[in-house]
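Values below: every heavy atom of this structure, side chains too, minus hydrogens, waters and symmetry copies. Residue numbers count from 1 along this sequence.
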Amino acid sequence: MQNDNPLIVQSDRTLLLDVHASLAKECANDLIPFAELERSPEHLHTYRLTPLSLWNAASAGFSADDAVEVLQKYSRYDIPQNVTVWIHETAGRFGKLRLVSGPKITVPLHSDVPAGNSRTVTEENLYLITDSPLVYKEISVNQAAKKYLIETNEGPSEYSFLLRLTDRGTVKQELLKAGWPVKDEVQLTDGEPLDIALRNTTVSGAPLQIRNYQKGAAEALVGNRGPGTGFGTIVLPCGAGKTIVGMQIMAMLKTSTLIITTNISAVHQWMSELIDKTNLNTDQIAEYTGEEKTIKQVTVATYQILTWRPEKDGPYPHFSLFRERPWGLIIYDEVHMLPAPVFRVAAELQAVRRVGLTATLVREDGCEGYVFSLVGPKRYDVPWKELEHSGWIATAECIEIRLDLAEKIEIEYAVANARMKHRIASENPVKEQVTREIINRYPEDKILVIGQYLDQLDTIAKMLNAPIITGKTPVDDRDKIYNDFRSGKIHVLVVSKVANFAIDLPDASLAIQISGTFGSRQEEAQRLGRILRPKERMSRFFTLITRNTVEEDFGSNRQKFLAEQGYVYRIIRYNTENDLDELTKPLESSC
């Protein structure tokens with residue numbers, strides 16, 4: 001027993017970190033590669049070891065022995081034996097199954113063509129191999145995977161399966177569900193060459209500085225000082241410059257690139273950044289959206305256009321974009337939002353270099369494993385608070401204001417069903433008064449008012465005499481309003497959830513969240529991210545919650561992700577007597 005050590009390893013594979021111990025910071029950094037942070041309140045942070053966290057680590061070259069060594073170095077008590085055994089067994093599963101190149105096979109184009117008249121086609125195939133007869137037997141009886149696999153004794157291993165190249169991603173996906181992550185060693189194809197480089201200075205003449213962690217993230221994927229695989233996911237906080245990382249990867253690979261992002265405004269931002277910070281010109285960059293459909297060496301598209309189809313059960317006509325050019329790189333921006341239909345096409349595009357960019361791998365549908373198997377394992381991750389302490393993102397104070405339900409709707413709330421209870425609590429008219437008071441107290445800040453329900457947002461926008469952006473706002477109007485906000489012509493902007501993702505509003509310093517999606521942690525992270533661009537003033541993130549309603553429960557779940565990142569919510573109980581006087585008090589605690 002070493003009483004000074006900061007870590008307690010428990011037999012249920014949870015790790016408790018005493019943040020007041022002398023080696024706590026070093027321990028937290030060393031846990032990043034292989035443990036998931038679940039909670040980070042003031043004194044004890046809770047981590048958990050999961051199969052996916054260990055497989056992400058193994059894919060980046062971090063072994064089971066490395067993980068156990070970290071635990072032994074920092075553990076206050078002896079590590080339970082079952083934990084070390086589980087780590088070795090679980091991490092050891094990565095690499096037991098490998099995908100390697102296989103033969104080209106000529107097969108009939110149509111099985112019903114009469115003999116002697118058949119046309120044929122040459123298909124590329126792969127081998128799924130293992131050195132373990134037990135693993136081979138388990139896979140051979142897996143009902144989900146076996147329909148894609150053919151047992152063969154002609155492969156590079158005694159225990160080999162043959163599969164079609166187009167089933168590469170699907171097989172990895174199905175085997176991950178069965179607890180067998182596949183190590184993909186098949187060579188990636190080279191796309192169309194493109195001479196792309198980052199500028200030394202931007203178009204405006206400002207020096208372009210690539211931060212060390214941005215270089216490290218790009219190198220972790222592509223490989224420079226170490227072996228990069230060419231595919232994977234990079235996790236960086238909002239405001240940390242994920243777009244720069246994407247452009248750095250493009251400059252390293254120098255190949256034709258397809259970028260997919262969340263909305264048209266984000267498309268335009270990517271295009272502007274490429275012109276501003278690379279040697280590309282407008283003739284080399286195209287937009288593929290509902291507004292314009294052009295394809296060039298670098299094409300920026302939206303998930304919405306790719307998942308549109310004229311009939312509910314019909315094909316997706318714009319999936320052809322993936323095959324229009326010999327892409328050498330696909331960038332999935334905000335990869336945690338990847339829609340299910342795009343997962344299907346991503347399963348087919350396993351020969352293309354690809355990167356997912358995100359602030360959080362949290363998915364409310366639990367499909368983090370799909371990102372792992374189809375886009376790629378996590379290659380790089382930096383804690384939010386680490387970048388805050390380094391000055392790369394803003395210092396932020398999170399404040400929850402709890403207020404009573406307006407008396408006139410108490411009965412309406414009491415008799416409503418669960419879904420309507422959430423809406424009634426979210427649209428509590430008391431929030432309008434509180435929003436006005438907050439804005440009046442911070443006249444020097446550039447403020448975002450963010451919500452879910454359009455009627456509520458319209459009412460608040462009229463009350464504040466502020467512009468509003470929703471999904472129905474025309475693209476040109478939307479871009480003009482964003483530019484006015486950036487330039488300082490307006491200092492209050494009301495936005496719906498369209499502003500959750502990939503919108504660059506660098507001077508925003510205060511956000512008021514008046515309503516949100518049912519308990520979405522990823523939404524909470526993205527909304528805070530709108531105000532995390534580095535700036536001299538502290539950023540403030542207000543959340544308005546109606547007390548003693550279902551909104552309290554949903555609010556607590558939304559805050560979970562930020563708590564994991566070390567942010568503390570200061571809670572203020574609002575009533576007409578205190579009039580938000582507590583807002584003038586300094587923040588008492590932070591992690």
Side-chain angles (χ1 to χ4, degrees), residues 51-52 55 58-59 91-191 227 229-232 319 322-323 326-328 330 342-354 369-377:
L52 202 57
W55 296 335
S59 70
R93 286 184 166 232
F94 185 82
K96 284 287 180 65
L97 286 170
R98 296 182 291 126
L99 271 178
V100 298
S101 298
K104 294 183 178 181
I105 298 178
T106 301
V107 297
L109 185 59
H110 297 293
S111 58
D112 56 352
V113 175
N117 297 321
S118 64
R119 291 181 294 140
T120 61
V121 63
T122 300
E123 289 187 349
E124 292 188 42
N125 290 265
L126 305 176
Y127 287 119
L128 177 71
I129 62 175
T130 180
D131 296 327
S132 168
L134 295 178
V135 174
Y136 181 76
K137 185 64 177 176
E138 181 177 339
I139 302 307
S140 68
V141 298
N142 183 290
Q143 295 300 314
K146 67 184 298 186
K147 58 185 176 182
Y148 304 104
L149 303 173
I150 302 172
E151 297 181 39
T152 176
N153 55 11
E154 298 180 357
S157 166
E158 180 182 355
Y159 307 108
S160 300
F161 297 95
L162 192 69
L163 67 146
R164 297 168 58 191
L165 179 68
T166 53
D167 292 330
R168 179 177 178 178
T170 304
V171 166
K172 290 197 292 185
Q173 194 173 354
E174 294 297 341
L175 291 177
L176 186 76
K177 293 178 185 176
W180 288 106
V182 175
K183 187 177 183 181
D184 193 334
E185 298 178 348
V186 181
Q187 185 173 357
L188 299 173
T189 59
D190 292 323
T229 62
F231 59 90
F319 273 5
F322 288 102
R323 302 173 186 86
W327 306 113
I330 298 176
V342 179
F343 274 132
R344 297 180 210 167
V345 74
E348 300 177 22
L349 295 168
Q350 297 295 295
V352 181
R353 288 175 175 83
R354 57 202 181 273
Y370 288 9
V371 176
F372 174 94
S373 57
L374 300 182
V375 177

Sub-4.5 Å side-chain heavy-atom contact between Trp55 and Leu176: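 Yes, their side chains come closer than 4.5 Å.
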message: Contact between Trp180 and Asn142 at the side-chain level, heavy atoms closer than 4.5 Å - yes or no?
response: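 They are not in side-chain contact.
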Return the [atom1] to [atom2] distance between [X] and [Y], rounded to the nearest 0.5 Å.
X	Y	atom1	atom2	answer
Arg98	Asp131	CZ	CG	6.0 Å
Arg353	Ile330	CZ	CD1	12.0 Å
Leu162	Asn125	CG	CG	4.5 Å
Lys96	Leu134	NZ	CG	9.0 Å
Phe231	Leu349	CZ	CG	13.5 Å

Please check this pair: side chain of [X] against backbone of [Y], looking for a donor-acceptor N/O pair closer than 3.5 Å.
X	Y	answer
Ser157	Thr130	yes
Arg93	Gly179	yes
Arg354	Gly230	no

message: Does Glu185, at its CD atom, have more than 12 non-hydrogen atoms belonging to other residues, nucleotides or ligands within less than 6.0 Å?
response: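 It does: Glu185 CD has more than 12 such atoms within range.
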task: Give a yes or no on whether Lys177 atom NZ has more than 12 heavy-atom contacts from other residues, nucleotides or ligands under 6.0 Å away.
output: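 Buried by this count: over 12 neighbours within 6.0 Å.
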[X] to [Y] - nearest heavy-atom pair and separation:
X	Y	answer
Ser59	Pro377	OG-CB, 3.1 Å
Ser160	Ile129	OG-CG2, 3.4 Å
Gln187	Ser101	N-OG, 4.3 Å
Phe322	Trp327	O-CD1, 3.2 Å
Lys172	Val182	CG-CB, 4.0 Å
Tyr127	Pro156	CD1-CD, 3.3 Å

Side-chain donor-acceptor pairs under 3.5 Å in residues 146-154, sequence neighbours left out?
residue: Glu151; atom: OE1; partner: Tyr136; partner atom: OH; Å: 3.3
residue: Thr152; atom: OG1; partner: Glu154; partner atom: N; Å: 3.1

Full working for side chain to side chain contact (heavy atoms under 4.5 Å, CB included) between Arg323 and Val345: CA-CA 10 Å; Arg323 302 173 186 86; Val345 74; 4.0 Å; yes
task: Can you label the angle between the Phe94 ring and the Phe372 ring as parallel, tilted or perpendicular, going by 30° and 60°?
output: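 Correct class here is perpendicular.
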- request: Using the side chain to side chain contact (heavy atoms under 4.5 Å, CB included) rule, take Gln350 and Leu374 through it: C-alpha gap first, then chi angles, then the decisive distance, then the call.
  value: CA-CA 7 Å; Gln350 297 295 295; Leu374 300 182; 4.3 Å; yes
All side chain to side chain contact (heavy atoms under 4.5 Å, CB included) counterparts of Thr166, not counting sequence neighbours: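 In terms of side chain to side chain contact (heavy atoms under 4.5 Å, CB included), with neighbours along the sequence ignored, Thr166 is linked to Arg164.
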- request: Verify side chain to side chain contact (heavy atoms under 4.5 Å, CB included) between Tyr159 and Ile139, making sure each step is shown before the conclusion.
  value: CA-CA 11 Å; Tyr159 307 108; Ile139 302 307; over 6 Å; no
